[in-house]
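Worksheet: the structure to be examined is printed underneath.
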Amino acid sequence: MDQTSAAIVGKEHWTKKGGVRLFLWEKRATGTQDKRGTIIFVHGSSMASTPAFDFQMPGKPDASLMDWFVRQGFDTWCVDMEGYGRSDKHRDINCDIPNGADDLEAATDYIIRTRGTPKFLMYGSSSGALRARLFAQRHPER
């Protein structure tokens, strides 16, 4: 089986931001190739992370952005921001850009503890780019 048709298996993770549960989805590069880095995909305000970045379509292995980057040697993660997807939606708040940057802080804290990853690449779509930018401004060391 060639590398483009090999199944890439994801793993779900959960972390907390205070009393809020956040859902994370991970797909890792495997094999003996050198790892090229860790990418966190940050969704916008239209939909959750997995439909945006890990869309699966039979016969179209590049439909999933996460799978494509895993085949290039990257570890990949996405996180459902508070109020989206599988993450908590119980607080009566506006899930704005600063709140999303807080979610990314909690997510990267978890990934650092779990995988020992000290630095991240981020790809944000739409308002996800603004969340990623604010997170990077707050945490340039990551």
Side-chain angles (χ1 to χ4, degrees), residues 1 3-31 33-142:
M1 184 181 290
Q3 202 172 15
T4 59
S5 61
I8 298 170
V9 179
K11 181 177 179 182
E12 80 175 52
H13 297 264
W14 292 89
T15 195
K16 285 200 165 199
K17 175 187 70 175
V20 175
R21 284 177 33 111
L22 298 174
F23 172 76
L24 293 93
W25 183 243
E26 172 193 31
K27 289 191 166 184
R28 298 183 75 186
T30 59
Q33 66 188 15
D34 290 333
K35 300 281 174 116
R36 298 179 66 190
T38 299
I39 303 171
I40 299 176
F41 293 98
V42 187
H43 68 79
S45 57
S46 303
M47 68 173 58
S49 62
T50 52
F53 302 115
D54 195 24
F55 184 75
Q56 299 294 314
M57 182 184 298
K60 302 285 185 184
D62 289 338
S64 165
L65 194 57
M66 290 179 78
D67 287 357
W68 190 88
F69 275 99
V70 166
R71 286 192 296 276
Q72 309 313 307
F74 292 90
D75 290 343
T76 63
W77 292 77
C78 60
V79 57
D80 285 346
M81 302 289 125
E82 179 181 0
Y84 294 86
R86 294 176 63 188
S87 290
D88 280 351
K89 302 167 190 67
H90 67 270
R91 295 196 309 162
D92 186 21
I93 66 163
N94 181 9
C95 295
D96 57 11
I97 301 306
N99 191 63
D102 295 342
D103 294 347
L104 289 172
E105 180 177 4
T108 57
D109 286 346
Y110 175 83
I111 297 167
I112 290 167
R113 285 191 314 272
T114 304
R115 298 288 180 231
T117 304
K119 294 192 180 278
F120 303 92
L121 302 164
M122 292 205 174
Y123 176 91
S125 64
S126 190
S127 64
L130 299 175
R131 292 175 175 125
R133 180 209 43 88
L134 182 56
F135 169 80
Q137 182 179 350
R138 290 178 179 174
H139 298 281
E141 75 284 1
R142 292 186 186 179

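Here the structure is a predicted model, which means the values were calculated and not measured.
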Practice task
Using ring-ring contact (aromatic ring centres under 6.0 Å, His included) as the criterion, list what pairs up with Trp68, not counting sequence neighbours.
Solution key: none

Practice task
Answer yes or no: is there an ion pair linking Lys60 with Asp67, defined by an N-O contact shorter than 4.0 Å?
Solution key: no

Fill in the blank from the handout: All heavy atoms of Cys78 vs all of Met66, minimum pair found to be SG-SD, 3.8 Å

Practice task
Give the minimum heavy-atom separation between Ser45 and Ser127, together with the two atoms involved.
Solution key: N-OG, 3.1 Å

Handout entry: Salt-bridge criterion met for Arg115 and Asp75 (N-O under 4.0 Å)
Key = no

Problem - For Phe120, ring-ring contact (aromatic ring centres under 6.0 Å, His included) partners two or more places apart - result: none

Handout entry: Where Val42 and Ala132 come nearest, the two heavy atoms and their spacing
Key = CG2-CB, 4.3 Å

Practice task
Walk me through it: do Arg113 and Thr15 pass the test side chain to side chain contact (heavy atoms under 4.5 Å, CB included)?
Solution key: CA-CA 11 Å; Arg113 285 191 314 272; Thr15 195; 3.8 Å; yes

Practice task
Quick one: closest heavy-atom pair of Val79 and His43, and the distance?
Solution key: O-CD2, 3.3 Å

Problem - Carboxylate-amine/guanidinium proximity below 4.0 Å for Arg138 and Asp102 - result: yes

Problem - Gap separating the CZ atom of Phe41 from the CG atom of Leu65, nearest 0.5 angstrom - result: 4.0 Å

Exercise for the section: Would you please classify the geometry between the Trp77 ring and the His13 ring as parallel, tilted or perpendicular, with 30° and 60° separating the classes? Expected result: tilted

Exercise for the section: Please report the closest heavy-atom contact between Asp80 and Leu22, naming both atoms and the distance. Expected result: O-CD2, 3.8 Å

Problem - Validation row: Met47, Tyr84 side chains within 4.5 angstrom (heavy atoms) - result: no

Handout entry: Beyond-backbone contact of Phe53 with Thr76, side-chain heavy atoms, under 4.5 angstrom
Key = no

Fill in the blank from the handout: Rounded to the nearest 0.5 angstrom, the CZ-CD1 distance for Arg71 and Ile8 is 5.0 Å

Completion exercise
Interatomic distance, NZ@Lys89 vs CZ@Arg21, rounded to 0.5 Å, equals 11.0 Å

Problem - Passing candidate, side-chain contact (heavy atoms from CB on, under 4.5 Å) with Thr108, options Lys119, Met122, His139 - result: Met122

Completion exercise
All heavy atoms of Ala107 vs all of Leu24, minimum pair found to be CB-CD2, 3.7 Å

Exercise for the section: Could you check if a side-chain atom of Asp109 sits within less than 4.5 angstrom of a side-chain atom of Lys16, using non-hydrogen atoms only? Expected result: no

Handout entry: Nearest-0.5 Å distance that lies between atom CG in Leu121 and atom CD1 in Ile40
Key = 9.0 Å

Problem - Check: Arg36 and Phe69 side chains under 4.5 Å, non-hydrogen atoms - result: no

Exercise for the section: May I ask you to test the Arg28-Lys11 pair for a side-chain heavy-atom distance under 4.5 Å? Expected result: no

Could you pull out all donor-acceptor pairs under 3.5 Å where a side-chain atom in residues 94-101 meets a protein atom, sequence neighbours excluded?
unit_1 : atom_1 : unit_2 : atom_2 : d
Asp96  : OD1    : Asn99  : N      : 3.1
Asn99  : OD1    : Lys17  : NZ     : 3.0
Asn99  : ND2    : Glu82  : OE1    : 3.2

Problem - Heavy-atom check, side chain of Arg142 versus side chain of Phe135, under 4.5 Å - result: yes

